[in-house]
Engineer: 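For reference, the structure I am asking about is given below.
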2 protein chains.
Amino acid sequence: MDWSIQDIARIAGTTSRTLRHYDDIGLLKPSRIGHNGYRYYNQAALVQLQRILLLRGLGLGLPVISQVLDDETDAAKALTGHLEWLKQEQHRLARQIASVTQTIEAVKGGGEIMAEDMFNGFDHTQYKDEVEERWGKDAYAKGDSWWRNMSAEEKAAWKQRSQQLGADWIAAATAGIAPDSAEAQTLAKRHVEWLTGIPGTPASDARGKDDAGKRDVKGYVTGLGEMYVADPRFAKNYGGADGAGFVRDALKIYAAENL
Amino acid sequence: MDWSIQDIARIAGTTSRTLRHYDDIGLLKPSRIGHNGYRYYNQAALVQLQRILLLRGLGLGLPVISQVLDDETDAAKALTGHLEWLKQEQHRLARQIASVTQTIEAVKGGGEIMAEDMFNGFDHTQYKDEVEERWGKDAYAKGDSWWRNMSAEEKAAWKQRSQQLGADWIAAATAGIAPDSAEAQTLAKRHVEWLTGIPGTPASDARGKDDAGKRDVKGYVTGLGEMYVADPRFAKNYGGADGAGFVRDALKIYAAENL
DNA sequence: ATAGATGTTGACGTAGCGTCAAGGTCAAGG
DNA sequence: CCTTGACCTTGACGCTACGTCAACATCTAT
């Protein structure tokens, strides 16, 4: 009393390919194999198959199903673990749905994918007085016109790059690594490269300049490091005073060794 | 003013492998390629990359992202379509979570994966009078003890198999195919094989019997077909009177040609 | 000159089968 | 006996978006 591969496939509501796959991976062997190599399945195999399909329908992976079938007592544990995963997935989807909805609104309103409001609160002008006092009106004017002439997308790219840098600094600081470690120094290098992107600063002006210009950069960078610590408006970009202190130390070492 | 592959990878928060992949599939080409084959990316490429990563973070596939980048106006459409997909996924997950939760309870209570309550409402005894009247007390007793002696899993397997058969009948009937078509006749064959699994019926008793026994099966099967139509308790398994009529026709043709 | 970081292409692995391709087996009919 | 059609076999590629070696070339700094 057994069925051919097509027969059980139809009875159980799956395909013969699936059954061959289960045979290949050892999940469900045929109860009998003909002299011609044909696979035949009996009632017990049908029961197993239906359990497999039930669990698969619940979203479990085939290796997990295999374990569950081997050790019945694990069923509740496996399912409970799986349930956790499902809930996380649902939360992830909920967040994605919120983001997509928001982005659709932004695109409809602004027309571009990166709309203006994506970098609200990231306005260059908030440091006007500070910059003019330290590096002169000319420096601020250059930087300001640079910012204003950027397209929305370029602004967004800059913002994201800046935030990524800040996030990486915070991650490094909280990881407890040393300021002179390779990782921190790589970040310092990135930081200087980032500064080089802002026109009107010694860092950007020094590109292609002589040694005197480069010495200016050295002082500029170390001075910046101190400012990050002293000024809470900057310190918050690096996770507060502690993080900013880490940035200052790493920058000072980098400047001494490379600038 | 450009960066190496590692540089933008770090700036944008991804990996160099991803960038090479995007180059391979034509999603994001480097802005410049050195004489040595090195990839270099400029500001514009960084902007593109960040748009890609934004959309990917929303769950869009790379081919879709490619389209969106080509035709900016499609962005809202693509995102709206994607939103639909996300919502469906969330509903699917919600259903899976409900099922898994239910299954966990069942496993904890019953110990087996297929618990008793999975075949509530599928009790054999509901046709007691009908069976005794038509085929005698002996037939019913055989079938009843057969059912009672099954394990929970065998019962569940049988139930699912029966329901699968019913679902396939309904699908075929509503598809509007002919009762003498190959597909309907395949179903009829399955139906007889299914009947053969119930002890106490002429179909099962006839296994290995002579021609007289086989003639009994013929009458039994055609009689059953008529009953499916006449009795609403059976007809509902095949989608009501219309579906049952289709089953009856297909069975009559099958019996005439093969039994 | 050499070591170490970084770059290149090429290819395999992933989850779970769908989908040919090429060829053997079996039951029924002429 | 031969053919036809249905069903079976193994083998291998395809799909998503890269991660992860491997083998080898190049740049940078000492």
Side-chain angles (χ1 to χ4, degrees), chain A residues 2-30 32-41 49 52-53 55-67 82 85 89 181-183 185-187 189-190 193 254 257-259, chain B residues 2-30 32-41 49 52-53 55-67 82 85 89 181-183 185-187 189-190 193 257-258:
Chain A
D2 47 17
W3 301 278
S4 74
I5 193 167
Q6 285 279 21
D7 287 340
I8 20 152
R10 278 190 296 243
I11 289 173
T14 183
T15 70
S16 57
R17 178 65 178 88
T18 297
L19 288 160
R20 280 191 212 103
H21 183 57
Y22 290 169
D23 187 5
D24 286 347
I25 66 175
L27 180 56
L28 181 68
K29 295 286 185 188
R32 182 172 72 83
I33 293 190
H35 64 290
N36 46 18
Y38 285 24
R39 295 172 174 83
Y40 295 98
Y41 299 79
L49 175 57
I52 291 169
L53 295 179
L55 294 173
R56 197 197 53 176
L58 295 177
L60 277 81
L62 299 189
V64 177
I65 292 178
S66 183
Q67 283 181 17
H82 182 56
W85 151 264
E89 275 295 292
S181 67
E183 193 178 339
Q185 289 302 301
T186 300
L187 274 175
K189 184 183 169 205
R190 258 178 73 190
E193 286 171 355
Y254 180 78
E257 293 184 354
N258 299 286
L259 298 177
Chain B
D2 47 16
W3 300 279
S4 74
I5 194 167
Q6 285 280 20
D7 287 340
I8 22 154
R10 278 190 296 243
I11 290 173
T14 183
T15 70
S16 58
R17 178 66 179 86
T18 297
L19 287 159
R20 281 192 211 99
H21 182 58
Y22 290 170
D23 187 5
D24 287 346
I25 65 174
L27 180 56
L28 180 69
K29 294 286 183 188
R32 184 171 71 83
I33 293 190
H35 64 290
N36 45 21
Y38 284 24
R39 295 172 175 82
Y40 295 97
Y41 299 79
L49 174 57
I52 291 170
L53 296 179
L55 294 173
R56 197 198 52 176
L58 295 177
L60 278 81
L62 300 189
V64 178
I65 292 178
S66 184
Q67 284 181 16
H82 181 55
W85 152 263
E89 275 296 291
S181 67
E183 194 178 339
Q185 288 303 301
T186 301
L187 274 175
K189 184 182 170 206
R190 259 178 72 191
E193 286 171 357
E257 292 185 355
N258 300 286

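Residue numbering restarts at 1 for every chain, and letters A, B, ... go by the order of the sequence lines.
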Engineer: Kindly write out the residues that satisfy side chain to side chain donor-acceptor pair (under 3.5 Å) with B:Thr186, not counting sequence neighbours, or none if the list is empty.
Structural biologist: none

Engineer: Within the structure shown, what part of the strands sits under 4.0 Å from A:Tyr22 by heavy-atom distance: base, sugar-phosphate, or nothing?
Structural biologist: sugar-phosphate

Engineer: Could I get the full list of salt bridge (Lys or Arg N to Asp or Glu O under 4.0 Å) partners for A:Asp23, not counting sequence neighbours?
Structural biologist: A:Lys29, A:Arg39

Engineer: Angle, rounded to 10°, between the helical axes spanning five pairs at each terminus of the helix from C:dA1-D:dT30 to C:dG30-D:dC1?
Structural biologist: 40°

Engineer: Which residues pass the side chain to side chain donor-acceptor pair (under 3.5 Å) test with A:Lys189, sequence neighbours left out?
Structural biologist: none

Engineer: Quick test: give all pairs of protein nitrogen or oxygen and nucleotides 20-25 of chain D nitrogen or oxygen below 3.5 Å, distance rounded to 0.1 Å.
Structural biologist:
{"from": "D:dT20", "atom 1": "O4", "to": "B:Arg17", "atom 2": "NE", "distance (Å)": "2.8"}

Engineer: Taking side chain to side chain contact (heavy atoms under 4.5 Å, CB included) as the definition, give me every residue that meets it alongside A:Glu183, ordered by chain and number, with sequence neighbours left out.
Structural biologist: A:Ile177, A:Ser181

Engineer: NA contact type, B:Gly34, heavy-atom cut-off 4.0 Å: base, sugar-phosphate, or nothing?
Structural biologist: nothing

Engineer: Applying side chain to side chain contact (heavy atoms under 4.5 Å, CB included), name anything that partners A:Leu53, two or more places apart in sequence or on another chain.
Structural biologist: A:Ala12, A:Thr14, A:Tyr22, A:Leu49, A:Arg56

Engineer: Not counting sequence neighbours, which residues clear salt bridge (Lys or Arg N to Asp or Glu O under 4.0 Å) with B:Arg20? List them please.
Structural biologist: none

Engineer: With sequence neighbours left out, write down each residue that passes side chain to side chain donor-acceptor pair (under 3.5 Å) with B:Arg32, or none if nothing qualifies.
Structural biologist: B:Asp2

Engineer: Look at all strands and tell whether A:Ser16 reaches a base, only sugar-phosphate, or nothing, counting heavy atoms closer than 4.0 Å.
Structural biologist: nothing

Engineer: May I ask you to say what B:Ile25 touches in the nucleic acid, namely base, sugar-phosphate or nothing, with a heavy-atom cut-off under 4.0 Å?
Structural biologist: nothing

Engineer: Between the protein and nucleotides 3-5 of chain C, list every N/O to N/O distance that falls short of 3.5 Å.
Structural biologist:
none

Engineer: For B:Glu89, what residues pass the side chain to side chain donor-acceptor pair (under 3.5 Å) criterion, not counting sequence neighbours?
Structural biologist: B:Arg92

Engineer: Could you name each residue pair satisfying salt bridge (Lys or Arg N to Asp or Glu O under 4.0 Å) that touches residues 3-12 of chain B, not counting sequence neighbours?
Structural biologist: B:Asp7-B:Arg10

Engineer: Here's a test of your reading of the structure: between B:His35 and B:Arg56, which maps to the more 5' nucleotide of DNA chain D?
Structural biologist: B:Arg56

